**Student:** 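Have a look at the structure that comes next, please.
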Amino acid sequence: HAMQEQGAPLAVVAPGRVYRNEATDASHDFMFTQMEGLLIDKNISMAHLLATARAFLQKIFNTQELDIRVRPGYFPFVEPGVEIDASCPFCTKGCSICKKTGWIELLGAGLVHPNVLLKSGIDPVEYSGFAFGFGIERIAMIKYGINDIRLFHSNNTTFLDQF
């Protein structure tokens, strides 16, 4: 909607509640808060996306030592789509938080598909962009060492009083 209403260039972040029909466990819940980001401008590339993701994650986790890795991923409005993992901020060899891999999946992202730009009234020959999304609860879990995402919706005042 922002692309249709404001055109390009554009930089926006937008929070929203997401509901999923899936089994819940310590790292997955039926509901979470997602933050989405979108940048549309001239000559935006995957390098801009990756630099932004790295800077964002390093700032959130307050470390310059945080590395990222990029894996292919499918998301319907971007091409190519990628999943961005960060090196675990708590260990170097694997721990229970990163499931012994040393990596934590944090962002879904990609370059905005030219057809999405076109349908939004933006010329895909002149403009390009990137989009990303992440679950705020997952970021908080990692940052504060919370071991169960369901605690956020449990109404457990002892848990909530910590924050």
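Just so you know, these numbers use all the heavy atoms, side chains as well, and skip hydrogens, waters and symmetry mates. Please read these numbers as outputs of a predicted model, since none were measured by experiment.
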**Student:** Would K119 and V116 count as a side-chain contact (heavy atoms from CB on, under 4.5 Å) if you check the C-alpha gap in whole Å, the side-chain angles of each, and the deciding distance to 0.1 Å?
**Tutor:** CA-CA 5 Å; K119 294 285 185 183; V116 173; 6.0 Å; no
**Student:** Within the 4.5 Å heavy-atom criterion, are F130 and T52 side-chain neighbours or not?
**Tutor:**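 Result yes, sub-4.5 Å side-chain heavy-atom pair found.
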**Student:** With clusters defined by side-chain heavy atoms of hydrophobic residues (ILVMFWY) lying less than 4.5 Å apart, directly or transitively, does I44 cluster with F77?
**Tutor:**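 Different hydrophobic clusters.
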**Student:** Could you tell me how the ring of F152 sits relative to the ring of F159: parallel (under 30°), tilted (30 to 60°) or perpendicular (over 60°)?
**Tutor:**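 The arrangement is perpendicular - the two ring planes meet at more than 60°.
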**Student:** After noting the C-alpha distance and the side-chain angles of Q58 and T63, does the key distance pass the side-chain contact (heavy atoms from CB on, under 4.5 Å) rule?
**Tutor:** CA-CA 5 Å; Q58 287 175 336; T63 179; 5.6 Å; no
**Student:** Under a 4.5 Å side-chain heavy-atom rule over Ile, Leu, Val, Met, Phe, Trp and Tyr, are L111 and Y127 clustered together?
**Tutor:**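 No, L111 does not connect to Y127 through the hydrophobic network.
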**Student:** Are V13 and L57 linked, directly or through other ILVMFWY residues, by side chains that come within less than 4.5 angstrom of each other?
**Tutor:**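 Looking at the clustering, L57 is in the same group as V13.
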**Student:** Write down the atom of I122, the atom of A8, and the distance for their closest heavy-atom approach.
**Tutor:**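 Scanning both residues completely, I find the closest heavy atoms to be CG2-CB, 4.0 Å.
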**Student:** Find the distance between CG (N115) and OG (S120) and round it off to the nearest 0.5 Å.
**Tutor:**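 So the CG of N115 and the OG of S120 are separated by 10.5 Å.
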**Student:** Quick one: does V82's side chain get under 4.5 Å of L49's, heavy atoms only?
**Tutor:**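 Yes, at least one pair of side-chain atoms sits under 4.5 Å.
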**Student:** Carefully, step by step, assess S87 and W103 under the rule side-chain contact (heavy atoms from CB on, under 4.5 Å).
**Tutor:** CA-CA 5 Å; S87 59; W103 297 97; 4.1 Å; yes
**Student:** Any Lys/Arg nitrogen of D29 or R150 sitting under 4.0 Å from an Asp/Glu carboxylate oxygen of the other?
**Tutor:**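 Answer for the salt bridge query: no.
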**Student:** I'd like to check E105 versus D85 (side-chain heavy atoms, cut-off strictly below 4.5 Å). Are they in contact?
**Tutor:**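 Side chain of E105 against side chain of D85, heavy atoms only: contact under 4.5 Å found.
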**Student:** P124 and L118: which non-hydrogen atoms are nearest, and at how many Å?
**Tutor:**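 The answer is CD-CD1, 3.9 Å.
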**Student:** Any idea which heavy atoms bring I84 and A53 closest together, and the distance?
**Tutor:**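 In this case the closest contact between I84 and A53 is CD1-CB, 3.8 Å.
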**Student:** So, for I146 and A140, which heavy atoms are closest and what is the spacing to 0.1 Å?
**Tutor:**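 Looking at all heavy atoms of both residues, the closest pair is CD1-O, 4.0 Å.
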**Student:** Take V70 and L50 through the test side-chain contact (heavy atoms from CB on, under 4.5 Å) and record every step on the way to the result.
**Tutor:** CA-CA 9 Å; V70 180; L50 298 178; 3.4 Å; yes
**Student:** Please name the pair of heavy atoms, one in A131 and one in V78, separated by the smallest distance, quoted to 0.1 Å.
**Tutor:**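 Closest approach of A131 to V78: CB-CG1, 4.2 Å.
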**Student:** Rounded to the nearest 0.5 Å, what separates atom CD1 in I142 from atom CD1 in I60?
**Tutor:**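 Output value for this atom pair is 11.0 Å.
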**Student:** Honestly curious: do V12 and L39 fall in one hydrophobic cluster under the side-chain, below-4.5 Å linking rule?
**Tutor:**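 No; L39 is not reachable from V12 via cluster members.
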**Student:** Surrounding NZ of K143 (heavy atoms of other residues, nucleotides or ligands, distance under 6.0 Å), is the total greater than 12?
**Tutor:**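 Result for NZ/K143: enclosed.
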**Student:** May I ask you to check whether over 12 heavy atoms, not counting those of D161, lie within 6.0 Å of atom CG?
**Tutor:**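 For D161, atom CG is crowded (more than 12 foreign heavy atoms under 6.0 Å).
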**Student:** Can you tell me how far the CZ atom of R20 sits from the CD atom of Q34, to the nearest 0.5 Å?
**Tutor:**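 With rounding to 0.5 Å, CZ (R20) is 7.5 Å from CD (Q34).
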**Student:** Side chains of L38 and V112: closer than 4.5 Å at any heavy-atom pair?
**Tutor:**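 Heavy-atom side-chain distance check passes, below 4.5 Å.
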**Student:** For the rings on F56 and F134, is their centre-to-centre separation under 6.0 Å?
**Tutor:**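 Yes; F134 has its ring centre under 6.0 Å from that of F56.
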**Student:** Just so I know, are the side chains of P80 and M46 near enough to count as touching, which here means a heavy-atom distance under 4.5 Å?
**Tutor:**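 Contact flag for P80/M46 side chains = yes.
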**Student:** Can you see whether E137 engages T33 through a side-chain donor-acceptor pair at a distance of less than 3.5 angstrom?
**Tutor:**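 Yes, T33 and E137 have a side-chain donor paired with an acceptor closer than 3.5 Å.
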**Student:** Is it true that I40 and F132 fall in one hydrophobic cluster, defined by side-chain heavy atoms closer than 4.5 Å?
**Tutor:**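 No, no single cluster joins them.
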**Student:** Working to the nearest 0.5 angstrom, can you tell me the gap between E83 CD and F75 CZ?
**Tutor:**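 The CZ atom of F75 is 4.5 Å from CD of E83, to the nearest 0.5 Å.
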